[in-house]
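Quick caveat: nothing in here was measured; it's all calculated off a predicted structure.
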Amino acid sequence: MSIAAADREILAIHGGQPVRAALLPYGRQSIDEADIEAVVQTLRSDWLTTGPKVAEFEEAVAAFVGAKYAVSFSSGTAALHAAAFAAGLQAGDEAITTPLTFAATANCVLYQGATPIFADVEPETLNIDPGQLASRISRRTKAILPVDYAGHPADLDEILRLADRHGLVVVEDACHALGAEYKGRRIGSIAHMTVFSFHPVKHVTTGEGGMVTTDNPDFAETLCRFRNHGISSDARMRQAAGQWHYEMVMLGFNYRLSDIACALGLRQLTRLEANLARRRQIAARYTDALRNVAAIHPPAVRSDVNSAWHLYPIRLELDKLSGTRDQIFQALRGENIGVNVHYIPVHLHPYYRDRFGYKGGECPVAESAYERLISLPMFHAMSDGDVGDVIGALQKVVSAFAH
Ligand SMILES: Cc1ncc(COP(=O)(O)O)c(C=O)c1O
């Protein structure tokens, strides 16, 4: 072996040459000139906040997912808070969710003074396990918040069947899953309310932003009021009607998304299908290549879903490796591959441990997965060369840690 070739085999954390010269992030927005032009045009228009672009963006998202109503919010977190309110959650109630999610999913239950209850995940998809969920339903349960982890839809038929039997509201956290399909239906048209995020690492971005889709007119009306201080009309409606008069009918927030953001979102939405197709190509290439890398378990996909591939989380078979997940993570970062971990199970965060007394062991499947999880870079603007670098770095690192 030449010295240069040998140097490429030495891990960068041990002084070898990294696979890439510069860091490849795990996720990244893509903004083109048409996006910029759309934002500039809105800046030159009469409306910066709730104006025509908000309504256009909401209609476009509703049409895309196949829902009757879409209500925009200033973030996915604000959208979750509004959905928790519309679901009627209040002090004394419980809502059941998955531990393997971003904390915002469970936090929205706390915002309403209710208590989140964690049901463990299925070992394959890492989505909430309907059997575990059923065992957590009590007299206090009012809502279920499944998450489409990594973009793979949760088992919605089973979840809705349980909800129906017990009179519960299903708020699906689909912040990873815009464009995903479950049994031939688009996510956003199935649960009672579905929540999306437009954070920059998501499929469509508005900088910050979120949306709730629903077929229920009462939920839609409550959501609109909740995001606008609990007021029954917005400024544009009053201007159109030539009236100044408004009334606050409930306690709400300013959770509005601006026309500037929606102008960007509308342009981004025109590329969503292409972005989804590219993410599916990248996932297929990873899965294909990982078949030949020992000690790595690629994400499972059920035959009746089409994932939106927000994330590509691999699981390490640690018994076949001499290092921990964190050591392997650091070695991949050393190769300039921007890996990440999704997620620390929510009940194990210090806030949840302190407030609810969780000690670990409550959700063994999620906790064991967490110790093994690494998210590979996944975003639609990744080049074939970027994908090759990730695969090359994984092969290099895993062979260095193989027993
Ligand atoms: C599963 C999940 N839920 C909720 C959120 C919150 O969305 P946002 O960042 O738009 O507030 C995120 C964001 O990253 C998420 O991944």
I need the minimum non-hydrogen distance between [X] and [Y], along with the two atoms involved.
X	Y	result
A21	N336	O-ND2, 3.2 Å
L264	T205	CG-O, 3.6 Å
P146	L156	CG-CD2, 4.4 Å
F64	G179	CE2-CA, 3.8 Å
D148	H176	O-CB, 3.4 Å
V171	A87	CG2-CB, 4.3 Å

Has the side chain of [X] got a donor or acceptor atom that lies under 3.5 Å from a matching backbone atom of [Y]?
X	Y	result
R140	D93	no
T213	A67	no
H199	G76	no
R302	D304	no
T42	A38	yes
K142	A95	no
R333	V339	yes
E362	K359	yes
R280	S307	yes

With [X] via salt bridge (charged side-chain N to carboxylate O under 4.0 Å, His left out) - residues at least two apart:
X	result
E371	none
E59	none
R161	E158
R279	none

Does some side-chain heavy atom of [Y] sit less than 4.5 Å from a side-chain heavy atom of [X]?
X	Y	result
L178	V65	yes
C175	F196	no
R372	L318	yes
K396	E9	no
H310	K202	yes
L316	H297	no
L43	I260	yes

Measuring from [X]:[atom1] to [Y]:[atom2], what's the distance to the nearest 0.5 Å?
X	Y	atom1	atom2	result
C363	Y370	SG	OH	14.5 Å
E172	I190	CD	CD1	6.5 Å
I231	R225	CD1	CZ	11.0 Å
L160	I144	CG	CD1	8.0 Å
S75	L257	OG	CG	9.5 Å
R267	T206	CZ	OG1	15.5 Å

Original post:
Does the separation of the ring centres of F226 and F253 fall below 6.0 angstrom?
Top reply: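 Here the rings of F253 and F226 have centres that are less than 6.0 Å from each other.
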Non-neighbouring partners of [X] that pass side chain to side chain donor-acceptor pair (under 3.5 Å), sequence neighbours left out:
X	result
D157	K183
H192	none
E122	T125
N216	none

Scan [range] for pairs that pass ring-ring contact (aromatic ring centres under 6.0 Å, His included), counting only residues two or more places apart or in two chains.
range	value
residues 134-166	none
residues 272-292	Y286-Y312
residues 11-56	Y26-H342

Regarding [X] and [Y], does a basic nitrogen lie under 4.0 Å from an acidic carboxylate oxygen?
X	Y	result
R185	E181	no
R271	D35	yes
D259	K53	no
D215	K68	no

Are side-chain N/O atoms of [X] and [Y] paired as donor and acceptor at under 3.5 Å?
X	Y	value
R278	Q281	yes
E208	S74	no
Q112	H81	yes
Y246	N228	no

Donor-acceptor pairs are to be reported for all side-chain atoms of residues 114-121 against protein atoms at under 3.5 Å, with residues two or more places apart or in another chain.
from: D120; atom 1: OD1; to: A366; atom 2: N; distance (Å): 3.0
from: D120; atom 1: OD2; to: V365; atom 2: N; distance (Å): 2.7

Original post:
Where do E58 and R227 land on the salt bridge (charged side-chain N to carboxylate O under 4.0 Å, His left out) test, with the steps shown first?
Top reply: CA-CA 14 Å; E58 290 174 340; R227 70 156 175 210; 2.8 Å; yes
